[in-house]
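Input: a single structure, listed below in structure tokens.
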Amino acid sequence: EPISELDSISGKRPDLQYKLRTPDFDQLLLIEIKSAGQPKPVREGVNQLLRYKEVYPDSYGLVAAPFISSRSASICLEEGVGYLDFAGNCYLSFQQVYIRIEGQPNPFAQDRSLRSLYAPKASRILRVLLTNPIDKIWKVKELSEESDVSIGLVSNVKKLLDEREWIEDHEVGFSLSDPGALLREWAENYSYRKNRIREFYSLQGISEIESRIAEACSESNIEYALTGFSGATRMAPAVRYQRVMAYVGEGIDRLSRRLELKEVGSGANVSLLEPYDEGVLYG
């Protein structure tokens, strides 16, 4: 049963107010609706619901959003607030009622904020944040110059990171506070196949090919970076592999001719990737 009138608190009223009536009890439900289910807006909704509860102690608060992330759900549970989203995930716990549904996938996995945060030029900003010391404090203009993108784009990316509570504000700028969470979400929304991939075959051994790529690129002033297992084995050797993978800037044709690599449609043991954006080779 909708409630037509409910006194405002600090000039605000709940987005939705309902009186749930059952044969055994009545329950006042106050609902704050958020356009995004990221931690920061959800925390704001939770705090507002807690203020309502001071005036209406018998009420039960709910945060509603298109999709509630697991971290956002934890924020709600820690404060005794319920939640629900359009995917069907929800948590309600009051009087004799207990309903909890979790694990429903995000139907908005390719929403605008994800496309904006992991777009080619925006990802330049992320690489700069992750490549430099994590506790480095950045000003927007400085980050713009280092990433070679506009100040407006840096401001937009900063806002998206702030909504996820992945950055920390300081008097003179901000720093990345949760690089692990950023990397996990980026991995979920990334495919190396967005790069242009060219496949080659060589009679030489894997380690010899990698060494020759490095030598030839250095001598010809071609930007390159080992990737895939070729890159991973330098950081944490774990498996034997049979394919060389490397990002190569402008100069794949020159490089392949110099190393006598044969371009093939199948059976390749060398993959050279033309980066989808120049920021891929940052650092």
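What you see is a predicted model; the values in this text were computed from it and never measured.
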Would you give me the side-chain donor-acceptor pairs under 3.5 Å for residues 273-283, sequence neighbours excluded?
unit_1 : atom_1 : unit_2 : atom_2 : d
Glu274 : OE1    : Arg196 : NH1    : 3.4
Tyr276 : OH     : Ser123 : OG     : 3.3
Tyr276 : OH     : Arg127 : NH2    : 3.4
Asp277 : OD1    : Arg124 : NE     : 3.4
Asp277 : OD1    : Arg124 : NH2    : 3.0
Asp277 : OD2    : Arg124 : NE     : 2.7
Asp277 : OD2    : Gly279 : N      : 2.8
Tyr282 : OH     : Asn132 : ND2    : 3.1
Tyr282 : OH     : Glu146 : OE2    : 2.6

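Ser147 contributes a side-chain N or O that, together with a main-chain N or O of Leu143, makes up a donor-acceptor pair within less than 3.5 Å. Distance alone, capped at 3.5 Å, is enough to place a donor-acceptor pair between the Asn89 side chain and the Gly103 backbone. Between the side chain of Ser144 and the backbone N or O of Val140 there is no donor-acceptor pair closer than 3.5 Å. Lys136 contributes no side-chain N or O that, together with a main-chain N or O of Ser175, makes up a donor-acceptor pair within less than 3.5 Å. Side-chain N or O atoms of Asn269 include one that pairs as donor or acceptor with a backbone N or O of Ser202 at under 3.5 Å. Checked by atom type and distance alone, the side chain of Thr233 never pairs as donor or acceptor with a backbone atom of Ser230 at under 3.5 Å.
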| said: Let's go through Lys158 and Asp169 carefully: what are the C-alpha distance in whole Å and the side-chain angles of both, what is the deciding distance for salt bridge (charged side-chain N to carboxylate O under 4.0 Å, His left out) to 0.1 Å, and is it a yes or a no? | reply: CA-CA 10 Å; Lys158 179 178 180 288; Asp169 283 315; 3.6 Å; yes

| message | Could you go through Glu163 and Lys159, starting from their C-alpha distance and side-chain angles, then the distance that decides it, and tell me whether this counts as salt bridge (charged side-chain N to carboxylate O under 4.0 Å, His left out)? | response | CA-CA 6 Å; Glu163 286 178 351; Lys159 176 177 177 290; 2.9 Å; yes

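The aromatic rings of Tyr98 and Tyr91 lie perpendicular to each other, with more than 60° between the two planes, well past the 30° mark.
Ser220 places a side-chain heavy atom less than 4.5 Å from the side chain of Arg254. No side-chain heavy atom of Glu32 sits under 4.5 Å from any side-chain heavy atom of Val81.
Criterion: ILVMFWY side-chain heavy atoms under 4.5 Å apart, direct or through other members. Under it, Met245 and Ile206 are not part of a common hydrophobic cluster.
Between Tyr18 atom OH and Leu29 atom CG the span is 10.0 Å, to the nearest 0.5 Å. Taking CD of Gln95 as the start and OH of Tyr60 as the end, the distance is 11.5 Å to the nearest 0.5 Å. Within the model, atoms CG of Asp162 and CD1 of Ile167 stand 4.5 Å from one another, a figure rounded to the nearest 0.5 Å.
Scanning for side-chain hydrogen bond (donor to acceptor under 3.5 Å, both in side chains) contacts around Glu199 gives Arg243, Ser271, with sequence neighbours left out. Qualifying side-chain contact (heavy atoms from CB on, under 4.5 Å) partners for Ser177, counting only residues two or more places apart in sequence or in other chains: Glu168.
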